[in-house]
Amino acid sequence: MSKLADYSKFDNLDSDSEDENDNTTSSNTATKAISATSSNHKPAAPPPPTIQGITKKHPTISDRYIFTYNNQTIYEWEQSLDEVTIYISAPISKLPKHNTASYINVNISTNRLQVGLKSQPNGEYFLNETTFGKVKVNESSWYLDEEGIITIILCKVFRGETWEGVLCGHTATTDANGGIHETTDPITKQSMQRTLMLERFQEENPGFDFRDATFNGEVPDPRKFMGGVGYNN
């Protein structure tokens with residue numbers, strides 16, 4: 001399972017790459033000097049990585065979620081029976097005004113999403129993670145609107161599947177050995193499944209209004225409930 005990406009990359013897109021190389025050289029020199037003076041001592045084991053990614057409900061938009069990392073909003077997202085839609089604020093001020101979308105790099109594959117800028121060295125991406133579920137690549141798409149929002153639409157391979165997050169590592173904890181495990185709190189997961197179950201009920205019973213419907217007890221799996229959701233594929 002992949003670790004969380006460096007979500008601060010979009011904050012430093014206008015930095016000078018030559019300066020970065022100079023800093024790297026200085027850092028390497030300093031590291032060698034420290035190693036030479038402490039060659040007889042074993043370095044202390046690094047502590048387990050601290051994962052500070054949080055998924056929370058959007059304060060004003062129903063059934064939408066916000067993923068934050070180190071208290072910074074990385075993207076918003078929502079899902080339906082068929083799709084997962086992601087909303088990312090692009091750094092428009094750092095891009096040419098003409099044909100801005102052509103400078104954004106979005107790669108969608110069956111089980112991975114990559115988002116970045118074509119101008120970045122070494123093909124660095126703002127997001128580069130395994131997706132929570134499998135994606136129909138040919139039916140997925142993305143676009144950039146006039147307000148600078150990158151909208152990515154991922155079509156689910158398994159219709160009705162509840163995505164507890166968009167990406168692996170979306171919400172995570174670390175164990176004593178530094179291993180990363182995905183977690184979604186039970187209340188949030190139930191909220192997601194309720195949204196999909198109501199969509200399914202509405203689809204299967206178009207003459208009824210299920211917007212205020214409630215469930216007694218645990219919300220069932222919308223993909224498997226009562227013989228399974230209908231499939232388009």
Side-chain angles (χ1 to χ4, degrees), residues 54-68 73-90 101 104 106-115 127 129-168 170-171 182-233:
I54 299 174
T55 300
K56 58 185 179 181
K57 296 199 70 173
H58 196 286
T60 59
I61 303 177
S62 177
D63 301 323
R64 183 176 293 191
Y65 296 87
I66 301 174
F67 175 58
T68 63
T73 295
I74 306 305
Y75 54 80
E76 299 177 7
W77 70 284
E78 57 196 19
Q79 66 179 309
S80 66
L81 290 172
D82 298 289
E83 299 172 342
V84 173
T85 305
I86 310 159
Y87 307 93
I88 305 172
S89 294
I104 296 174
V106 178
N107 295 322
I108 302 172
S109 60
T110 303
N111 56 9
R112 179 167 290 272
L113 175 65
Q114 298 172 313
V115 183
L127 293 174
E129 300 286 346
T130 301
T131 53
F132 184 89
K134 289 188 175 182
V135 177
K136 292 182 180 179
V137 177
N138 292 337
E139 297 181 25
S140 300
S141 60
W142 72 276
Y143 62 89
L144 176 70
D145 66 20
E146 295 180 353
E147 297 181 356
I149 303 298
I150 303 172
T151 300
I152 303 172
I153 302 170
L154 303 179
C155 185
K156 298 177 179 178
V157 166
F158 302 112
R159 188 169 191 261
E161 180 181 39
T162 303
W163 284 31
E164 299 177 30
V166 178
L167 307 171
C168 293
H170 186 105
T171 327
E182 290 180 81
T183 59
T184 297
D185 69 86
I187 294 177
T188 300
K189 182 177 180 179
Q190 285 287 290
S191 177
M192 293 175 178
Q193 293 198 162
R194 177 183 181 276
T195 298
L196 298 184
M197 280 301 304
L198 295 184
E199 181 183 351
R200 176 180 167 179
F201 287 159
Q202 193 65 60
E203 180 183 276
E204 295 174 352
N205 304 276
F208 295 87
D209 185 354
F210 292 94
R211 285 176 294 182
D212 298 322
T214 58
F215 292 87
N216 292 325
E218 185 174 328
V219 180
D221 185 338
R223 174 172 159 77
K224 300 178 180 179
F225 178 68
M226 293 291 290
V229 69
Y231 286 86
N232 290 333
N233 56 342

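Starting from 1, each residue takes its place in the sequence as its number.
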Strictly below 4.0 Å, N to O, side chains only: are Arg159 and Glu139 in salt-bridge contact? no
What verdict does the side chain to side chain contact (heavy atoms under 4.5 Å, CB included) test give for Gln79 and Thr162, after you've listed the backbone C-alpha separation in whole Å, the side-chain angles of each residue and the deciding distance to 0.1 Å? CA-CA 8 Å; Gln79 66 179 309; Thr162 303; 4.2 Å; yes
Partner residues of Tyr65 under the ring pair (Phe, Tyr, Trp, His ring centres under 6.0 Å) criterion, sequence neighbours left out: Trp77
Which residues pass the side chain to side chain contact (heavy atoms under 4.5 Å, CB included) test with Asp63, not counting sequence neighbours? Thr195
Check salt bridge (Lys or Arg N to Asp or Glu O under 4.0 Å) between Glu199 and all other residues, then give those that pass, not counting sequence neighbours. none
Is it true that atom CG of Asn138 has more than 12 heavy atoms of other residues, nucleotides or ligands lying nearer than 6.0 Å? no
Mind checking side chain to side chain contact (heavy atoms under 4.5 Å, CB included) for Gln114 and listing every partner two or more places apart, or none if nothing turns up? Asn107, Arg112, Tyr125, Asn128
Verdict with supporting geometry, Ile152 and Tyr75, side chain to side chain contact (heavy atoms under 4.5 Å, CB included): CA-CA 11 Å; Ile152 303 172; Tyr75 54 80; over 6 Å; no
Pairing residues for Lys57 by the side-chain hydrogen bond (donor to acceptor under 3.5 Å, both in side chains) criterion, not counting sequence neighbours: Ser191
4.5 Å side-chain heavy-atom contact, Leu196 and Arg200: no
Do Lys156 and Asp82 pass the side chain to side chain contact (heavy atoms under 4.5 Å, CB included) test, and can you show the C-alpha distance, the side-chain angles, and the key distance before you say yes or no? CA-CA 6 Å; Lys156 298 177 179 178; Asp82 298 289; over 6 Å; no
Could you pull out all residues at least two apart from Thr151 that satisfy side chain to side chain contact (heavy atoms under 4.5 Å, CB included)? Thr85, Tyr87, Tyr143, Ile149, Ile153
To the nearest 0.5 Å, tell me how far Glu78 CD sits from Met192 CE. 11.5 Å
Side chain to side chain contact (heavy atoms under 4.5 Å, CB included) filter on Glu161, not counting sequence neighbours, yields Phe158, Trp163, Arg223
Nearest 0.5 Å please: distance from the CG atom of Leu113 over to the CG atom of Leu167. 6.0 Å
With Thr60 via side-chain hydrogen bond (donor to acceptor under 3.5 Å, both in side chains) - residues at least two apart: His58
